[in-house]
Amino acid sequence: MHHTKYLIIGSSHAGLSALDAIRLQDKDGSLTLVTQESCLPYSPTILPYVLSGQARPEKVFLRDQQSLDSLSIAFKPGTKIVAVEGRSRQVVLQSGEKMEYEKLLLATGAAPNRPPVQGLEAVPHHVLRTLEDALTLRSKIRKNATAVVLGAGLIGLHAAENLARGGMRVIVVEALSQVLPGYFDEEASQMIHRAFSDNGVKILLNKKVSRVKGAEGRPL
Ligand SMILES: Cc1cc2nc3c(=O)[nH]c(=O)nc-3n(C[C@H](O)[C@H](O)[C@H](O)COP(=O)(O)OP(=O)(O)OC[C@H]3O[C@@H](n4cnc5c(N)ncnc54)[C@H](O)[C@@H]3O)c2cc1C
C-alpha cells in the first residue's frame, strides 16, 4: 500500500500553497499530491479565456512535472478519493485501492451549485469549473447561436464575455437588480453592465429563471 507522510487531496491553489509551505519546513518528508483530474495543476481563473481561445489550453498549467519532481512530490492525477478512514489514517480511491497517510489535507475546493430550475436536468447545459468543462464548452461555441448564462456573478460574466468573443449571441439572466452583486456598488455595476451591452451582451436583471425547455430536435 502507498504510504506517505503528507497527503494533499486537490492540486489547485490551496493544495499547491500547502505543498510549498510544507516544503519550506520539511524538504524530505514524503508528500503525495492527488487530484481526480487527469492533468497537471492549473488555475480555474484562466478557464474563461480558454473558451474564447485567448488562453491556449496547454498554457494554463501552474506547475510542470519537472518542478513537482524537483520538490520530490509524488503527483497522482486521475486519482479520486471516495472515502477517508480516519482511525486507520487511510483513504480509499475510486479504484478500491487504499493509501496510508500521516497528515491529511483536504484541498478539494467547491463544486458548481446547480439551481433548482424545473427541467434543467433534462436539457443539455454546462458549468465552468474544470479544464474539461472549459474545453467541452469551447467545442460547443457556434457563431451567431444564442447562449443563455444563468447568473451575472464573476464566473457568469467571465463566461458571457468569452462566449461573446467567440461570436455567440449572449443573454445573461440575473435574479438581483445589478450585475456582480456583492462585488461592486450600483454605480460601478452599471458601468460594467454598459460595457457588456456595448459589446452586444444582453443582460436581464430582476429575472429569475424558473423553467427551461430544450428546443426539440435541436441539440444544444
Ligand atoms: C471559471 C472561474 C473563474 C474564476 N476567476 C477567479 C478570479 O478571477 N479571481 C479569483 O480570485 N478567483 C477566481 N475563481 C475562484 C478560484 O478559482 C477559486 O477560489 C480557487 O480555485 C479555489 O482553490 P482551491 O484549491 O480551494 O479549490 P479548487 O480550485 O476547486 O480545486 C480543488 C481540486 O480538488 C479536486 N478534488 C475535489 N474532490 C476530489 C476528490 N474527492 N479526490 C481527488 N481530487 C478532488 C478538484 O478536482 C480540484 O482540482 C474562479 C473560479 C472559476 C471556476
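Remember, predicted model here, so these are calculated numbers, not experimental data. When a ligand or atom number is given, it counts from 1 through the structure's own listing order. Note that the numbering runs from 1 along the sequence shown for the chain.
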Is atom 11 (O) of ligand 1 less than 4.0 angstrom from some protein heavy atom? no
To the nearest 0.5 Å, tell me how far Thr4 OG1 sits from Glu102 CD. 8.0 Å
Residue and atom name of the nearest protein heavy atom (relative to atom 53 (C) of ligand 1), distance in Å to one decimal: Leu128 O, 3.4 Å
Under 4.0 Å from one or more heavy atoms of His13, ligand 1 contributes atoms 20 (C), 21 (O), 23 (O), 25 (O)
Considering all heavy atoms, the nearest Cys39-Pro77 contact: O-CB, 4.0 Å
Would one find more than 12 heavy atoms of other residues, nucleotides or ligands at under 6.0 Å from atom CD of Glu186? no
Closest heavy-atom pair, Glu161 versus Tyr49, reported as atoms and distance to 0.1 Å, is OE2-CE2, 4.1 Å
Identify the closest protein heavy atom to atom 29 (O) of ligand 1: which residue and atom is it, and at what distance? Ser12 OG, 2.6 Å
Atom 8 (O) of ligand 1: closest protein heavy atom, distance to 0.1 Å, is His158 CE1, 3.8 Å
What atoms in ligand 1 come closer than 4.0 Å to a heavy atom of Ala107? 32 (C), 33 (C), 34 (O)
Heavy atom of protein closer than 4.0 angstrom to atom 46 (C) of ligand 1: yes
Regarding ligand 1, does Gln36 bring an N or O atom to under 3.5 Å of one of the ligand's N or O atoms? yes
protein heavy-atom neighbour closest to atom 1 (C) of ligand 1 works out as Pro44 O, 3.7 Å
Going by heavy-atom distance to atom 27 (O) of ligand 1, choose the closest among Ala134, Gly156, Gly109. Gly109
Greater than 12 external heavy atoms within 6.0 Å of Glu187's CD: no
Any protein heavy atom sitting closer than 4.0 Å to atom 19 (O) of ligand 1? no
Record the part of Ile155 in heavy-atom contact with ligand 1 below 4.0 Å; permitted values are side chain, backbone, both and neither. side chain
Value for CG (Asp28) from CG (Leu31), rounded to nearest 0.5 Å, stands at 11.5 Å
CG-CG distance between Leu68 and Leu16, expressed to the nearest 0.5 angstrom: 7.5 Å
Would you say Arg89 has more than 12 foreign heavy atoms packed within less than 6.0 Å of its CZ? no
What I want to know is whether Ile81 and ligand 1 share at least one N or O pair that is separated by under 3.5 angstrom. yes
I'd like to check whether Ala14 has a polar contact with ligand 1, where a contact means an N/O of the residue lying under 3.5 Å from an N/O of the ligand. yes
So, does Thr79 sit close enough to ligand 1 that a heavy atom of it is under 4.0 Å from the ligand? yes
Pairing of Arg63 and Asp20 as salt bridge, 4.0 angstrom limit: yes
Nearest heavy atom to atom 7 (C) of ligand 1: which of Ile9, Thr35, Thr45 does it belong to? Thr45
Is the CD atom of Glu100 crowded by more than 12 outside heavy atoms at less than 6.0 Å? yes
With a cut-off of 4.0 Å, which atoms of ligand 1 are near a heavy atom of Gly10? 33 (C), 34 (O), 35 (C)
Ala110 heavy atoms within 4.0 Å reach ligand 1 at atoms 30 (O)
Could you tell me whether Glu37 and ligand 1 have an N or O pair separated by under 3.5 Å? yes
Region of Thr108 that comes within reach of ligand 1 [heavy atoms, distance under 4.0 Å]: both
Donor on one side chain, acceptor on other, Thr35 and Glu37, under 3.5 Å: no
Do Asp133 and Thr136 meet the criterion of a side-chain donor-acceptor pair at a distance under 3.5 Å? no
With Tyr6, which of Thr32, Leu105, Asp26 fulfils side-chain contact (heavy atoms from CB on, under 4.5 Å)? Asp26
In the protein, which heavy atom is nearest to atom 28 (P) of ligand 1, and how far is it? Arg129 NH2, 3.2 Å
